[in-house]
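For the numbers below, each heavy atom of this structure counts, side chains included, while hydrogens, waters and symmetry mates do not. The shown structure was predicted, so the numbers you read here are calculated from the model rather than taken from an experiment.
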Amino acid sequence: MKTLKRILLLLAVLLLTVVFYNYPKLNILAGYSAKYASSSVFVAHRTLDFTDKTDLDFSPINLASDEIITEDKLATSSAFGLLTRKAVYREGLGSVLISDESDLEENPLVPKRLTPDNVTPYPYGNATQKDTVFTNIDYTKLNETVASIFSDSTKTRAVVVIYKDQIIAEKYDEGFDKNSKILGWSMTKSIVSTLIGMRQFTGKMNVQDKAPIAEWQNDSRKEITIHNLLQMNSGLEWDENYDEISDATQMLFLDKDMTKMQAKKQFVGKPNETWNYSSGTTNVLSGILRGNFATHQEYLDYWYTSLIDKIGMNSMLIETDLSGNYVGSSYGWATPRDWAKLGLLYLKNGTWKGEQLFDKSWVDYATTPTPTSDGWYGAQIWLNAGNRYPDVPKNMYSFNGYQGQNVFILPNEELVIVRMGLTKKADVNAFLSGILTSLK
């Protein structure tokens, strides 16, 4: 009996040790699952069953057990019954992780939205386009190319191809259609960049100014410019790793104010000489945008009334953190058609329905390669200058996100191509070049 008790005690100690050392991982695992489940159900209006079988069906996230409490607009996720995280949906602000109800403001500010234009045909409104047939397009080859990127291995959910303002190809996976909101993940970073370009266009900001971060003003970090941040070239430490506990996962699934983590980091390089991709940097920029307005309400409204709703991306919702900051690094939801509108705005050098939101100099700036990025990155925009896609023009650029979210802009060809999925395991070079060769 004594031997048995000793064995049980040893097993208990071992279990407690395993839990102790893995508790931080369980916290992030359950946080990811609860947050995504809440957003998928309450923002994208998908079922929990569908979400668990698709979006959350990968290791180790699929080890969590999720539950939706509809009346409270709440999602919970349990990691082996040892730890439970909660995420709650707030109208107009999206879903957010909470420790308890005291984390939530009783009457939080919400952004004002513009009325959708359901009369004007797409893309300048949301009404149905008239069918246009281009004689220079091989539609058979085009449709075959689009179909080729849909498979069990590529997990593509949506493709939209726009040529000269017309949708020339569009396809969705089972369970999705033109009204389905899909998380763009880091494509949201390009929204942040665009807003800063708009503020510069109106003289409200200058990207060459030093970044107005209080923590940096008494040391050498005070030399970091907004330009350095836009180019992910500040020289600050950051670990962007989604496979383990990292700066990125701690920020997204533990922090109440996501604009602060990168601001606390120290130099591991030099500004303009050390490119390092960082979601924390983009959220610093979101915080800088917040400080560029007299009130929090103006900050919240501006994203929609001056850009998102103004160009008819009416399906879009950008979620905020518990401190009311837009999570510009990661949390923008919209339909593929609406994501395409942002690409069209760039294709048209900032002009929308006769109004100049930013000028061509911003497009040139945003698509200029960042030093030490090997031609891959501009100002929160990905580039093909480094020949990532060898059979595609080098002046193509794109908004990219986790798991294979893309809006590709090809200026010379007047093309915007959206591909959204659950994995980057797809031959995007063949997909893009196939579309190009379908244009005679």
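Under the salt bridge (charged side-chain N to carboxylate O under 4.0 Å, His left out) rule, Lys53 has a single partner from Asp49, Asp55, Asp57, which is Asp49. For the side-chain contact (heavy atoms from CB on, under 4.5 Å) with Leu415, the qualifying choice from Leu432, Leu436, Leu347 is Leu436, the only one to do so. For the pairing with Tyr32, the ring pair (Phe, Tyr, Trp, His ring centres under 6.0 Å) check across Tyr402, Phe58, Tyr242 returns one residue only, Phe58.
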- Item | side-chain contact (heavy atoms from CB on, under 4.5 Å) assessment of Val160 paired with Ile417 | CA-CA 6 Å; Val160 180; Ile417 303 169; over 6 Å; no
- Walk me through it: do Tyr304 and Asn314 pass the test side-chain hydrogen bond (donor to acceptor under 3.5 Å, both in side chains)? CA-CA 9 Å; Tyr304 290 100; Asn314 305 107; over 6 Å; no
- Give the C-alpha distance, both sets of side-chain angles, the deciding distance and a yes or no for side-chain hydrogen bond (donor to acceptor under 3.5 Å, both in side chains) between Gln262 and Ser278. CA-CA 8 Å; Gln262 179 77 87; Ser278 164; 2.5 Å; yes
- Run the side-chain contact (heavy atoms from CB on, under 4.5 Å) check on Asn349 and Asp359 step by step: do they pass? CA-CA 6 Å; Asn349 295 315; Asp359 59 26; over 6 Å; no
- Derivation and outcome, side-chain hydrogen bond (donor to acceptor under 3.5 Å, both in side chains), residues Tyr397 and Asn384: CA-CA 6 Å; Tyr397 54 95; Asn384 198 39; over 6 Å; no
- Message: With side-chain hydrogen bond (donor to acceptor under 3.5 Å, both in side chains) as the criterion, how do Ser433 and Tyr389 come out once you've worked through the C-alpha distance, each side chain's angles and the decisive distance to 0.1 Å?
- Response: CA-CA 9 Å; Ser433 62; Tyr389 305 111; over 6 Å; no
- Query: Could you walk me through whether Asp117 and Lys353 pass the salt bridge (Lys or Arg N to Asp or Glu O under 4.0 Å) check?
  - Reply: CA-CA 12 Å; Asp117 177 357; Lys353 296 170 73 171; 3.6 Å; yes
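Interatomic distance, OG1 of Thr132 versus CD of Gln166, reported as 3.5 Å (0.5 Å rounding). Rounded to the nearest 0.5 angstrom, Thr423 OG1 and Gln403 CD are separated by 7.5 Å. Between Ser438 atom OG and Ile168 atom CD1 the span is 6.0 Å, to the nearest 0.5 Å. Here CD1 of Ile28 is found 9.5 Å from CG of Leu252. Values are rounded to the nearest 0.5 Å. For the atom pair CG of Leu307 and CG of Leu342, the computed distance is 6.5 Å after rounding to the nearest 0.5 Å. One distance of note links CZ of Arg46 with OG1 of Thr51; it measures 6.5 Å at 0.5 Å rounding.
The local environment of CH2 in Trp352 is crowded, with over 12 non-hydrogen atoms from other residues, nucleotides or ligands closer than 6.0 Å.
Using modelled atom types and a 3.5 Å distance limit, the side chains of Asn325 and Ser323 yield no donor-acceptor pair. Residues Lys189 and Ser279 have side chains that bring a donor and an acceptor to within less than 3.5 angstrom of each other. With 3.5 Å as the limit, one finds a donor-acceptor pair spanning the side chains of Thr156 and Arg419. Side chain to side chain, Thr54 and Arg157 meet the donor-acceptor criterion of an N or O pair below 3.5 Å. Looking at Asn400 and Ser398, their side chains do bring a donor and an acceptor atom within 3.5 Å of each other. A side-chain donor-acceptor contact under 3.5 Å links Asp165 and Tyr124. Between the side chains of Asp257 and Thr259, a donor-acceptor pair is found at a separation under 3.5 Å. Residues Thr225 and Gln208 bring no donor and acceptor atom of their side chains to less than 3.5 Å of each other. For Gln380 and Ser190, the side-chain atoms include no donor-acceptor pair closer than 3.5 Å. For Tyr122 and Asp338, the side-chain atoms include no donor-acceptor pair closer than 3.5 Å. Ser148 and Thr145 form no side-chain donor-acceptor contact under 3.5 Å, judged by distance and modelled atom types alone. In summary, the side chains of Asn283 and Ser329 do present a donor paired with an acceptor at a separation below 3.5 Å, with no hydrogens or angles considered.
In this structure a side-chain-to-backbone donor-acceptor pair under 3.5 Å is present from Asn143 to Tyr139. Within the 3.5 Å criterion, the main-chain N or O of Gly378 finds a donor-acceptor partner in the side chain of Thr370. Distance alone, capped at 3.5 Å, places no donor-acceptor pair between the Thr120 side chain and the Gly125 backbone. Side chain of Ser77 to main chain of Ser33: no donor-acceptor pair is present (N/O by atom type, distance under 3.5 Å, no hydrogens or angles). Using modelled atom types, one side-chain atom of Asn233 and one backbone atom of Pro371 make a donor-acceptor pair closer than 3.5 Å. The main-chain N or O of Gly421 is found under 3.5 Å from a side-chain atom of Gln405 such that the two form a donor-acceptor pair. The backbone N or O of Leu439 lies less than 3.5 Å from no partner atom in the side chain of Asn136, so there is not a single donor-acceptor pair. Judged purely by atom type and a 3.5 angstrom limit, Arg85 uses its side chain to pair as donor or acceptor with the backbone of Phe253. At least one donor-acceptor pair under 3.5 Å links the side chain of Tyr326 to the backbone N or O of Leu300. Panel note: side chain Asn118, backbone Ala127; no donor-acceptor pair is recorded below 3.5 Å.
The residues Glu319 and Arg90 are annotated as not salt-bridged, no charged nitrogen and carboxylate oxygen being separated by less than 4.0 angstrom. Asp321 has no carboxylate O lying under 4.0 Å from a charged side-chain N of Lys256, or vice versa, which leaves the two without a salt bridge. Checked for salt-bridge contact, Glu244 and Lys25 miss the test: no charged N lies under 4.0 Å from a carboxylate O. Ionic pairing of Asp247 and Lys265 is present here: one or more N-O contacts between side-chain nitrogen and carboxylate oxygen are shorter than 4.0 angstrom. With respect to the salt-bridge test (charged N to carboxylate O, under 4.0 angstrom), the residues Arg388 and Asp374 do not qualify.
The ring of Phe176 has its center closer than 6.0 angstrom to the ring center of Phe50. Ring to ring, Trp339 and Phe399 are not that close: their centroids are 6.0 angstrom or more apart. Centroid-to-centroid, the aromatic rings of Phe431 and Phe408 stay 6.0 Å apart or farther.
Taking the side chain as every heavy atom from C-beta outward, Val161 and Ile167 never approach each other to under 4.5 Å. Between Asp138 and Lys440 there is a side-chain heavy-atom pair separated by less than 4.5 Å. Counting heavy atoms from C-beta outward, Asn126 and Arg337 have side chains that stay 4.5 Å or more apart.
Using a 30° and 60° split on the angle between ring planes, Trp382 and Trp275 fall in the perpendicular class, above 60°. Ring planes of Tyr377 and Tyr277: perpendicular class, angle over 60° (limits at 30 and 60°). Between Trp303 and Tyr299, the ring-plane angle classifies as perpendicular under the 30° and 60° cut-offs.
Of all heavy-atom pairs spanning Ala211 and Leu229, the tightest one is CB-CD1, 3.8 Å.
Both tests hold for Lys35 against Tyr331: distance to the six-membered ring centre under 6.0 Å, angle to the ring axis within 45°.
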